[in-house]
Amino acid sequence: MVKKLPSFYYCMMCGRFTLHHTWPEISEVMDIVPSMAKGRNDPARYNIAPTQSVPFVHAENEGVNVSDGQWWLIPVWAKEQPKYPTFNARSETAHEKNSFKASFKSKRCLIPADGYYEWTKGEDGGKDPHFIHLPEHKPFLFAGLWAYNSHMDLKSCTILTAPADNAIKHIHDRMPIILQEEKHDVWLSKETEVDEAREILKSHRNGELESYRVSRNVNSSKSTGSDLNSAISI
């Protein structure tokens, strides 16, 4: 029996994700990835946690680029990292929130991943993690926002979320937004106005999501290894 955790029990979603595909594999299924990124040799990661460095795709000059930044957005005006969580931003209100509205206007990004974790409450009161992914575990891009803070000389980013699709709302009532590929270019474009960008966020692939239970080992952000997103018998 699956029980949803009360809202105070767990952090905002999405709180962990994976990226084990190589950049050539990512670029094969997503044209938005610039050719220069194919030379990246990033290690496979199976338990990415907030405040860790992650790659993100963003507009630069007349094209796109891949940068690395902290997964916990620091607004341009901040003198220190926010104490409140900014690794997720609600898509419904991000355009008007002080921490996110400048980024929503001109610094939208795409964050590569191939799955993420969410939790329910187990019969023993513990947290049971679920791995959520697209069919065939294909890589995808989260819709996100990024910022450069000159006070701290740091790039950072956040993942946008929306109400959960029927396929996963028994696990959590929110989900990260996975944009449809045909919307990638216009999402990144600095020519895209705020109202149009808000509409784009409704064009997501979340209805395709699948999930299964995984080991509680993933509950620790220090845990690593490909076995973390292996299914377990229930």
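- Ile111 and Leu154 sit in two unconnected hydrophobic clusters of ILVMFWY residues. Membership requires side-chain heavy atoms under 4.5 Å apart, directly or through other members.
- Shown here for Pro55 and Val66, the closest heavy-atom pair between the two residues is CB-CG1, 4.1 Å.
- By the 30° and 60° cut-offs, the orientation of the rings of Trp187 relative to Phe104 is perpendicular.
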So Lys121 and Asp128, salt bridge (charged side-chain N to carboxylate O under 4.0 Å, His left out) or not? Walk me through it. CA-CA 6 Å; Lys121 187 174 182 178; Asp128 289 330; over 6 Å; no
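- Nearest approach of Pro112 to Phe17, heavy atoms of both residues: O-CE1, 3.7 Å.
- In the hydrophobic cluster analysis, where Ile, Leu, Val, Met, Phe, Trp and Tyr join through side-chain heavy atoms closer than 4.5 angstrom, Trp77 is grouped apart from Leu145.
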Would Asp68 and Arg40 count as a salt bridge (charged side-chain N to carboxylate O under 4.0 Å, His left out) here? Give the steps. CA-CA 12 Å; Asp68 294 279; Arg40 291 178 61 115; 2.9 Å; yes
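- At least one side-chain heavy atom of Ser103 sits less than 4.5 Å from a side-chain heavy atom of Leu73.
- Linking ILVMFWY side-chain heavy atoms closer than 4.5 Å, directly or via other members, places Tyr84 and Val76 in a single hydrophobic cluster.
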Would Ser106 and Lys190 count as a side-chain hydrogen bond (donor to acceptor under 3.5 Å, both in side chains) if you check the C-alpha gap in whole Å, the side-chain angles of each, and the deciding distance to 0.1 Å? CA-CA 5 Å; Ser106 61; Lys190 294 182 179 181; over 6 Å; no
With side chain to side chain contact (heavy atoms under 4.5 Å, CB included) as the test, would you mind laying out the steps for Glu210 and His133 before giving the verdict? CA-CA 5 Å; Glu210 302 174 356; His133 60 93; 3.4 Å; yes
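- Annotation: cation-pi pair Lys127/Trp119 present, NZ/CZ under 6.0 Å from the ring centroid and within 45° of its normal.
- The aromatic ring centres of His20 and Tyr46 sit less than 6.0 Å apart.
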I would like to know whether Trp71 and Phe56 meet ring-ring contact (aromatic ring centres under 6.0 Å, His included); could you show each step before the answer? CA-CA 10 Å; Trp71 181 29; Phe56 60 91; over 10 Å; no
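- Nearest heavy-atom pair, His204 versus Ile177, reported as atom, atom and distance to 0.1 Å: CB-CG2, 3.9 Å.
- Relative orientation of the Tyr116 and Phe142 rings is perpendicular, given thresholds of 30° and 60° on the angle between their planes.
- At a threshold of 4.0 Å, the pair Glu92-Arg174 counts as salt-bridged, since one of the basic side-chain nitrogens sits closer than that to a carboxylate oxygen.
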What do the steps show when you test Gln70 against Gln52 for side chain to side chain contact (heavy atoms under 4.5 Å, CB included), and what is the final call? CA-CA 6 Å; Gln70 175 182 267; Gln52 293 180 357; over 6 Å; no
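- Residue Ala143 comes nearest to Leu179 through the heavy atom pair CB-CG, 3.9 Å, listed as atom of the first residue, atom of the second, then distance.
- Remark: the backbone N or O of Pro139 is not paired with any side-chain donor or acceptor of Glu25 at under 3.5 angstrom.
- A pairwise comparison of heavy atoms in Thr192 and Arg108 identifies O-NH2, 3.1 Å as the closest pair.
- No path of Ile, Leu, Val, Met, Phe, Trp and Tyr side chains, each step under 4.5 Å between heavy atoms, connects Met152 with Val54, placing them in separate hydrophobic clusters.
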Report the C-alpha separation of His21 and Asp114 in whole Å, then their side-chain angles, then the decisive distance to 0.1 Å, and conclude whether the side-chain hydrogen bond (donor to acceptor under 3.5 Å, both in side chains) test is met. CA-CA 7 Å; His21 282 85; Asp114 33 48; 2.9 Å; yes
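- Atom NZ of Lys155 sits about 10.0 Å away from atom NZ of Lys107, to the nearest 0.5 Å.
- With hydrogens and angles disregarded, a donor-acceptor distance shorter than 3.5 Å links the side chain of Asn206 to the backbone of Pro176.
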Can you list the steps and then say if His151 with Lys79 is a side chain to side chain contact (heavy atoms under 4.5 Å, CB included)? CA-CA 6 Å; His151 305 293; Lys79 297 298 195 300; 3.7 Å; yes
Apply ring-ring contact (aromatic ring centres under 6.0 Å, His included) to Tyr212 and His130, showing your working. CA-CA 5 Å; Tyr212 55 82; His130 301 251; 9.2 Å; no
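- Distance check, rounded to the nearest 0.5 Å: SG of Cys109 to CD1 of Ile159 gives 8.5 Å.
- For the pair Asp173 and Pro163, the minimum side-chain heavy-atom distance is 4.5 Å or more.
- Counting heavy atoms from C-beta on, the side chains of Glu208 and Leu134 come closer than 4.5 Å.
- Contact annotation: the side chain of Met30 approaches that of His184 to within less than 4.5 Å [non-hydrogen atoms, C-beta and beyond].
- Val64 and Leu188 get closest at one heavy-atom pair: CG1-CD1, 3.8 Å.
- How far OG of Ser156 is from CD1 of Ile74: 5.0 Å, rounded to the nearest 0.5 Å.
- One hydrophobic cluster, built from ILVMFWY side chains closer than 4.5 Å, cannot hold both Ile232 and Phe131; they sit in different ones.
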What verdict does the side chain to side chain contact (heavy atoms under 4.5 Å, CB included) test give for Asn65 and Met36, after you've listed the backbone C-alpha separation in whole Å, the side-chain angles of each residue and the deciding distance to 0.1 Å? CA-CA 8 Å; Asn65 192 16; Met36 53 78 64; 3.5 Å; yes
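- Contact annotation: the side chain of Ser223 never approaches that of Val218 to less than 4.5 Å [non-hydrogen atoms, C-beta and beyond].
- Separation of atoms CG (Leu228) and CZ (Arg16) is listed at 9.5 Å; rounding is to 0.5 Å.
- Once rounded to the nearest 0.5 Å, the distance linking NZ of Lys38 with OG1 of Thr22 reads 11.0 Å.
- A donor-acceptor pair is defined here as one N or O able to donate and one able to accept, closer than 3.5 Å; such a pair exists between the side chain of Ser27 and the backbone of Pro24.
- Other residues, nucleotides and ligands contribute only 12 or fewer heavy atoms inside 6.0 Å of the CD atom of Glu193.
- Between Trp72 and Phe87, the angle of the ring planes lies from 30° to 60°, which puts this pair in the tilted group.
- Enclosure of atom CG in Asp124 by more than 12 non-hydrogen atoms of other residues, nucleotides or ligands within 6.0 angstrom is indicated.
- Taking CD1 from Ile32 and NZ from Lys183, the interatomic distance works out to 13.5 Å, rounded to the nearest 0.5 Å.
- Side-chain contact between Asp165 and Met175 is present, with at least one heavy-atom pair separated by less than 4.5 Å.
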Start with the C-alpha distance between Tyr148 and Asp153, add both sets of side-chain angles, then the distance that settles side-chain hydrogen bond (donor to acceptor under 3.5 Å, both in side chains), and finish with yes or no. CA-CA 7 Å; Tyr148 172 70; Asp153 188 24; 2.5 Å; yes
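- By the 6.0 Å contact criterion, CD on Glu182 is enclosed, its count of non-hydrogen atoms from other residues, nucleotides or ligands being greater than 12.
- Between Asn47 and Tyr117, some side-chain heavy-atom pair lies under the 4.5 Å cut-off.
- Residues Arg205 and Gln180 form a side-chain contact, since some pair of their non-hydrogen atoms from C-beta on lies under 4.5 Å apart.
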